[in-house]
Amino acid sequence: MDIPRIFTISEREHRIHNPFTPEKYATLGHVLRMKSGTRILDLGSGSGEMLCTWARDHGVTGTSIDMSPLFTSQAITRAEELGVANHVQFIHNDAAGFVSEEKCDIAACVGATWIAGGVPGTIALLQQSLKPGGMMLIGEPFWRKAPKTEADAQACGVTSITDFLTLPGLVASFGELGYDVVEMVLADQEGWDRYEAAKWMTMRRWLEENPDDDFASDVRNELTLSPTRHVTWTREYFGWGVFALMSR
């Protein structure tokens with residue numbers, strides 16, 4: 001059980017697997033007004049930076065699920081580094097369909113709503129693990145600038161303009177599903193640069209270390225295309241944010 005190999009290669013040096021910076025996660029942790037002992041479930045948790053730093057800074061506890069053995073291992077190591085290993089648990093598993101036996105105060109899926117077929121399915125999944133009155137965190141891309149044509153959307157690396165909503169459309173969709181948006185923190189272009197550009201050196205180093213690997217041509221192709229795609233399309237067209245929701 002694992003995620004596609006290109007991600008474990010290109011993001012193996014990432015602590016955060018989305019366009020948030022550490023400062024953005026710190027801001028999010030602050031604005032959520034979490035009390036010590038707040039219990040969190042994080043589906044598609046990557047290398048666990050959000051839960052580990054919040055356990056250190058806010059005294060939260062929680063469980064995270066991720067499909068990547070590498071990222072799960074990195075999360076466990078990070079928890080030990082920050083001295084919070086007794087407060088957080090990282091499980092290598094498929095987060096799709098996962099429901100916590102112990103209801104939590106916050107249920108999160110930050111950048112992995114594909115686990116339940118998109119935002120509506122992920123919200124329905126997370127709701128099953130929430131205590132009454134609990135809060136949900138959804139991290140999701142949106143069109144910062146909507147492409148004019150399907151060709152422009154595909155140049156951004158997606159299949160169709162309909163893959164994402166605009167920010168007003170995304171926020172409105174939460175209301176249509178019966179949820180209040182009670183907070184949000186949005187990524188900026190610096191966050192996109194840190195997320196995307198950090199991959200390039202990682203891929204280059206991997207290619208130098210693994211020239212004869214069967215996957216080397218795929219990594220070489222991604223490294224060749226990615227910088228131009230990012231500066232031409234990604235940082236101009238894509239937005240991303242984490243939205244805190246509460247059921248009406």
Side-chain angles (χ1 to χ4, degrees), residues 3 7-8 10-93 95 98 100 102 104-113 115 122 126 129-131 134-141 182-199 202 240-245:
I3 60 176
F7 295 109
T8 57
S10 64
E11 298 186 27
R12 61 179 177 165
E13 299 294 334
H14 283 49
R15 282 186 175 169
I16 298 172
H17 302 277
N18 59 57
F20 257 19
T21 60
E23 293 76 17
K24 291 288 185 179
Y25 268 126
T27 296
L28 181 61
H30 175 72
V31 300
L32 293 179
R33 310 175 196 176
M34 297 178 291
K35 297 179 181 179
S36 180
T38 295
R39 179 166 180 78
I40 299 176
L41 173 67
D42 187 10
L43 300 185
S45 51
S47 297
E49 190 72 2
M50 182 179 79
L51 191 55
C52 286
T53 55
W54 287 1
R56 177 196 63 192
D57 298 339
H58 301 282
V60 306
T61 66
T63 300
S64 294
I65 316 293
D66 198 88
M67 282 184 68
S68 168
L70 173 62
F71 296 163
T72 303
S73 175
Q74 290 176 339
I76 293 169
T77 298
R78 184 63 168 154
E80 293 170 349
E81 291 174 350
L82 297 184
V84 296
N86 292 332
H87 303 282
V88 294
Q89 180 184 23
F90 295 97
I91 300 172
H92 172 232
N93 205 344
F98 184 90
S100 176
E102 181 181 355
C104 57
D105 302 292
I106 296 176
C109 182
V110 178
T113 58
I115 66 171
T122 301
L126 293 176
S129 296
L130 270 183
K131 294 178 180 178
M135 188 181 302
M136 189 180 300
L137 301 180
I138 294 288
E140 183 72 3
V182 296
E183 259 294 357
M184 72 175 189
V185 177
L186 302 183
D188 55 24
Q189 288 178 308
E190 170 65 15
W192 277 110
D193 291 345
R194 289 300 84 235
Y195 174 55
E196 293 292 341
K199 300 176 186 178
T202 302
W240 196 88
V242 179
F243 303 86
L245 313 177

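In this text, all values refer to a predicted model and were calculated from it rather than measured experimentally.
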**Request:** List for me each residue that meets salt bridge (Lys or Arg N to Asp or Glu O under 4.0 Å) alongside Asp193, sequence neighbours excluded, and say none if there are none.
**Result:** Arg235

**Item:** Min side-chain heavy-atom separation Leu126-Ile138 under 4.5 Å
**Value:** yes

**Message:** Evaluate His14 against Lys199 for side chain to side chain contact (heavy atoms under 4.5 Å, CB included), listing each step before the verdict.
**Reply:** CA-CA 8 Å; His14 283 49; Lys199 300 176 186 178; 3.7 Å; yes

**Atom pair CD1/OG of Ile91 and Ser64 - distance to nearest 0.5 Å** = 8.5 Å

**Request:** Might you point out which heavy atoms bring Gly44 and Ala95 nearest each other, and give the distance in Å?
**Result:** N-CB, 3.9 Å

**Item:** Heavy-atom pair of closest approach, residues Tyr195 and Glu11
**Value:** OH-OE2, 2.8 Å

**Asked** How far does CG of Leu41 sit from CG of Asp105, to the nearest 0.5 angstrom?
**Response** 11.5 Å

**Message:** Please check: side-chain N/O of Thr27 versus main-chain N/O of Glu23, any donor-acceptor pairing under 3.5 Å?
**Reply:** yes

**Fill in**
Distance col, row Gln89:CD vs Ile65:CD1, nearest 0.5 angstrom, shows 7.0 Å

**Prompt:** Which pair of non-hydrogen atoms, one from Leu130 and one from Met135, has the smallest distance, and what is that distance?
**Reply:** CD2-O, 3.3 Å

**Prompt:** Below 4.5 Å, heavy atoms only, C-beta onward: do Leu137 and Leu32 meet side chain to side chain?
**Reply:** yes

**Message:** Measuring from atom NZ of Lys131 to atom CD1 of Ile106, what distance do you get when rounded to the nearest 0.5 angstrom?
**Reply:** 10.5 Å

**Request:** Calculate, to the nearest 0.5 Å, the distance between atoms CD and CZ belonging to Glu183 and Arg33 respectively.
**Result:** 6.5 Å

**Message:** Under a 3.5 Å distance rule, please check whether Asp66 uses its side chain to pair with a backbone N or O of Ser45 as donor and acceptor.
**Reply:** yes

**Asked** Does Phe7 have any ring-ring contact (aromatic ring centres under 6.0 Å, His included) partners at least two apart in sequence or in another chain, and if so, which?
**Response** none

**Message:** According to salt bridge (Lys or Arg N to Asp or Glu O under 4.0 Å), does anything in residues 36-48 pair up with another residue at least two apart or in another chain? List the pairs.
**Reply:** Arg39-Glu102

**Message:** Whether the Thr113 and Glu140 side chains hold a donor-acceptor pair (N or O, under 3.5 Å, no angle test) is what I'd like checked.
**Reply:** yes

For residues 51-60, tabulate all N or O donor-acceptor pairs below 3.5 Å that involve a side-chain atom, not counting sequence neighbours.
| from | atom 1 | to | atom 2 | distance (Å) |
| --- | --- | --- | --- | --- |
| Thr53 | OG1 | Glu49 | O | 2.7 |
| Thr53 | OG1 | Met50 | O | 3.2 |
| Trp54 | NE1 | Tyr25 | O | 3.1 |

**Prompt:** Are the side chains of Thr21 and Ile16 in touch, meaning some heavy atoms are under 4.5 Å apart?
**Reply:** no

**Asked** How would you list, by chain and number, every residue that makes a side-chain hydrogen bond (donor to acceptor under 3.5 Å, both in side chains) with Ser47, sequence neighbours excluded?
**Response** His17, Gln74

**Request:** Output every pair passing side-chain hydrogen bond (donor to acceptor under 3.5 Å, both in side chains) with a member in residues 79-88, not counting sequence neighbours, ordered by first then second residue.
**Result:** Arg78-Glu81

**Residue pair Phe20 / Trp240, side-chain heavy-atom distance below 4.5 Å** = yes

**Request:** For side chain to side chain contact (heavy atoms under 4.5 Å, CB included), just list the numbers for Ser100 and Thr63, CA-CA rounded to whole Å, side-chain angles, deciding distance to a tenth of an Å, and then say yes or no.
**Result:** CA-CA 9 Å; Ser100 176; Thr63 300; over 6 Å; no

**Asked** What are the two closest heavy atoms between Cys109 and Thr122, and how far apart are they?
**Response** CB-CG2, 3.6 Å

**Complete:** Of all heavy-atom pairs linking Phe90 and Ala79, the shortest is CE1-CB, 4.0 Å

**Prompt:** Roughly how far apart are Met34 CE and Ile40 CD1, rounded to 0.5 Å?
**Reply:** 5.0 Å

**Request:** Begin from the C-alpha positions of Lys24 and Val242 and carry the test side chain to side chain contact (heavy atoms under 4.5 Å, CB included) through to its verdict.
**Result:** CA-CA 10 Å; Lys24 291 288 185 179; Val242 179; over 6 Å; no

